[in-house]
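Take a look at the structure set out below.
What you see below is based on every heavy atom in this structure, not just the backbone, and it leaves out hydrogens, waters and symmetry mates. Counting from 1, the numbers follow the sequence of the chain as shown.
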Amino acid sequence: MERTPAATVTLRPARLEDLGVLFEQQREPEANRRANFPARGREAFFTHWTERILGDDTVRVRTIAVDGFISGYVVAWWQDGRRTVGYWLGQDFWGRGIGTRALRSFLDVEKTRPLYADTDVGNVASRRLLERCGFELVETVDTGEVRYDLLILR
C-alpha cells in the first residue's frame, strides 16, 4: 500500500470479523520488534481477544479504519488499578498521522483520567505519538528484562 495521507480515519466498535486482519497485523516482525512484544499464535490471539477484550465490559476497544480498510485498533483497560491505553497499527499504515488521529478521537470517548500508556524505550515514534496527544513521561522503568517509558494523561 502506498504511503499517502489518509483521507478518512474513523473509529468504530471492534467486531469479531475484524480479528482476522488484526491477527495478521500483530504478526508483523518490525511491529513486534518496535513494541518489544511477541506475536501470539492464532488460537492464543483469538482467545485473548474474545475473552479478555471483546468479552470484558470494562474494556473499551475501537477498530481504526482508514478509507474503509482496517488499519488497527485502540483499546483501554484496567490494569493494577490504573486505566491504561494501547494501540496497534498495521505497518502499511505507519507514518501518515493515522495513529495520532485515531488516539485523539479515542480520547474524546475514553474520559478516564489519569490515563496511562507505556512504550518500549526504543519505540520513539510511539512515544512521540503519545506526547502529541497530551501524554507526559512519568518514568522509565527497567524490569531487568525490558525497559519501557511510562506516560500519563492527566
Please report the interatomic distance [atom1]([X]) to [atom2]([Y]), rounded to the nearest 0.5 Å.
{"X": "Arg96", "Y": "Ser71", "atom1": "CZ", "atom2": "OG", "answer": "8.0 Å"}
{"X": "Leu103", "Y": "Leu130", "atom1": "CG", "atom2": "CG", "answer": "6.5 Å"}
{"X": "Ile64", "Y": "Ile70", "atom1": "CD1", "atom2": "CD1", "answer": "11.0 Å"}
{"X": "Tyr148", "Y": "Asn123", "atom1": "OH", "atom2": "CG", "answer": "15.0 Å"}
{"X": "Asp56", "Y": "Thr50", "atom1": "CG", "atom2": "OG1", "answer": "12.0 Å"}
{"X": "Ser126", "Y": "Trp94", "atom1": "OG", "atom2": "CH2", "answer": "10.0 Å"}

Can you see which heavy atom on [X] is nearest to which on [Y], and at what distance?
{"X": "Arg147", "Y": "Asp120", "answer": "O-OD1, 3.4 Å"}
{"X": "Asp18", "Y": "Pro13", "answer": "OD2-O, 4.3 Å"}
{"X": "Cys133", "Y": "Leu153", "answer": "O-CD1, 3.8 Å"}
{"X": "Ala102", "Y": "Val74", "answer": "CB-CG2, 4.2 Å"}
{"X": "Leu151", "Y": "Asp149", "answer": "CD1-O, 3.6 Å"}
{"X": "Leu137", "Y": "Glu139", "answer": "CD1-O, 3.6 Å"}

So do the side chains of [X] and [Y] get within less than 4.5 Å of each other, counting heavy atoms only?
{"X": "Ile53", "Y": "Arg60", "value": "no"}
{"X": "Glu110", "Y": "Leu115", "value": "yes"}
{"X": "Trp78", "Y": "Thr112", "value": "yes"}

Exercise. Apply the test side-chain contact (heavy atoms from CB on, under 4.5 Å) to residues Arg104 and Arg132: give CA-CA distance (whole Å), side-chain angles for both, the deciding distance (0.1 Å), then the verdict.
Key: CA-CA 9 Å; Arg104 283 182 178 151; Arg132 281 192 299 273; 3.9 Å; yes
Practice problem: Walk me through it: do Leu22 and Trp88 pass the test side-chain contact (heavy atoms from CB on, under 4.5 Å)? | Solution: CA-CA 9 Å; Leu22 299 178; Trp88 194 277; over 6 Å; no
Report yes or no: do [X] and [Y] belong to one cluster of Ile/Leu/Val/Met/Phe/Trp/Tyr joined by side chain heavy-atom distances under 4.5 Å?
{"X": "Ile98", "Y": "Phe135", "value": "yes"}
{"X": "Val75", "Y": "Val21", "value": "yes"}
{"X": "Val61", "Y": "Phe106", "value": "no"}
{"X": "Leu19", "Y": "Leu89", "value": "no"}
{"X": "Leu54", "Y": "Tyr87", "value": "no"}

Quiz item: Do the two ring centres, one from Trp77 and one from Tyr116, sit under 6.0 Å apart?
Solution: no
Quiz item: Does any pair with a residue in residues 16-41 pass ring-ring contact (aromatic ring centres under 6.0 Å, His included), and if so which ones, sequence neighbours excluded?
Solution: Phe23-Phe45
Quiz item: Are the charged groups of Glu131 and Arg128 less than 4.0 angstrom apart, N to O?
Solution: no
Whether over 12 other heavy atoms sit under 6.0 Å from [X] [atom1]:
{"X": "Gln79", "atom1": "CD", "answer": "yes"}
{"X": "Arg27", "atom1": "CZ", "answer": "no"}
{"X": "Arg12", "atom1": "CZ", "answer": "yes"}
{"X": "Arg154", "atom1": "CZ", "answer": "no"}

Quiz item: Counting distance only, does the side-chain N/O of Glu136 pair as donor-acceptor with the main-chain N or O of Ile152 below 3.5 Å?
Solution: no
Practice problem: Evaluate the criterion side-chain contact (heavy atoms from CB on, under 4.5 Å) for residue pair Arg40 and Phe46; output intermediate values, then yes/no. | Solution: CA-CA 9 Å; Arg40 288 185 167 100; Phe46 278 80; over 6 Å; no
Quiz item: Any side-chain donor-acceptor pair under 3.5 Å between Arg127 and Thr119?
Solution: no
